[in-house]
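Counting starts at 1 for both ligands and their atoms, following the listed order. Only this structure's heavy atoms are used, side chains among them; waters, hydrogens and symmetry mates stay out.
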Amino acid sequence: MNEQASQRGKWGSKLGFVLAASGSAIGLGNIWRFPTVTGENGGAAFVIVYLACVLLIGVPIMLAEFTIGRRAKSDPMGAFRKLAPGTLWEFVGALGVLTGLMILSYYSVVAGWTLKYITLTLTGALQGADPDSIRTTFTDFIQSGQSVTSYHLLFMILTVWIVTGGIQGGIERAAKVLMPLLLVLLLLLVLRSVTLPGAREGLLFYLKPDFGKITFSVVLAALGQAFFSLSLGMGAMITYGSYISEDDDLVSSAVSVSCFDSLIAILAGFAIFPALFSVPGLSPNAGPGLIFVVLPNIFNAIPLGQLFGSLFFVLLAIAALTSSISLLEVTVAYAIDQLHWKRTKAALVMGLIVFLLGVPSALSNGAVPAFSGILDVVDRYFGSISLVLGALLLSLFVGWKWGIPSALEEIGQSRAKFGLAAVWGFLLRYACPIAIVTILVNILIG
Ligand code: PHE
């Protein structure tokens, strides 16, 4: 292996790859962002649109990203350059690198909130507190710029540290052990949440659709959330795909990752909404603080709540880490492949840039009035619209430029059966682009 290749790395096994890609997908997107966006967009009807987006658009695009990645064995920008030399397509890769930096900048801030909640639960600070003081604790904390910025810094240091360890050393090992544990803990929370007094109303909100609530902006939110949660539209899965070996089956990998990711998001909703409606004074459209003001109430309602609460926030922080490393990895792979930097230098420099970009988001909740609301704005533009645009360009690229036959050839390299090839081609060439353009146009003129 030449030096460049050894700086890149490779997954140890197919299971290792599926777990690492699931680690990228499962994170704050499922447990923090999914309930938040579902609450803001009216509940059950949103959830149905969301699942349709995952199935009809998310899975095909994930397969497309894996395929591009494995064929090109390069960072997103280099991948487009290799597959379509001398064209403007490489700017899709560049958009991905920029999007990665911007998403990670506020992702790390929210991940910092979870680090803070580890200390709050470990010390029992929220033990026995009533819903009002739980809420006040949260708002006081996010208003303190210094504390939020310090946790943001701490989280970025952890991310850089793991990314420096290389592919197998860091990312894979962490993902293998901890994701199943998170699932078990989440199931436990769901059990408690749905048996709380008043849970029924929350279940109705979450499960009984009112299709009158569906507008184009609700559909855009669902699509953006699907891409955010599945780590699509900015090259993370191209990058992870570039480390897959030739004989792994891409189709079943894309399906497994998407199912696992959706399962965790749906469970997070079952943990949050019944509990939310059992507490007077809380509303589902509470915005980004939702889970932080709801979950401590559940921990207070279960035996050993302090233990479970601490464990939950530890696991959530780790889930966030296995996602943040994939966001940073996109920019690091770019620096290694295009700028020929060493991994350590790439991780340090990119990590520093992300930290600085995130400071306004860290100060956006009252600490500095000029930055007020920045976190939500960056999330809307980069965490949603930019991913939707990226996915549109990606489907056009595979469907019309690189071509379905070339992509199928790469997928077929693993000799896996792929009976749904025609459906996949149709979805990528027509359904995905038309759906995305229709939504965007309606938002623009609406
Ligand atoms: N999918 C991750 C999550 O749900 C976030 C992410 C988005 C990671 C885009 C990589 C790329 O938390």
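Qualifying salt bridge (Lys or Arg N to Asp or Glu O under 4.0 Å) partners for R192, counting only residues two or more places apart in sequence or in other chains: none. For the side chain to side chain contact (heavy atoms under 4.5 Å, CB included) test, residues two or more places apart in sequence or in another chain that qualify with V388 are L220, L223, F227, I436, L440. A52 pairs by the side chain to side chain contact (heavy atoms under 4.5 Å, CB included) definition with nothing, not counting sequence neighbours.
Note: F299 and F312 have tilted aromatic rings, judged against thresholds of 30 and 60 degrees for the angle between ring planes.
Smallest separation of non-hydrogen atoms from F46 and Q225: CZ-CB, 4.4 Å. A pairwise comparison of heavy atoms in T114 and F313 identifies O-CB, 4.1 Å as the closest pair.
Sorted by chain and number, the heavy-atom contacts of ligand 1 below 4.0 Å come from S24, A25, G27, L28, G29, N30, Y107, F228, S229, S231, M234, A236, S323, S326, L327.
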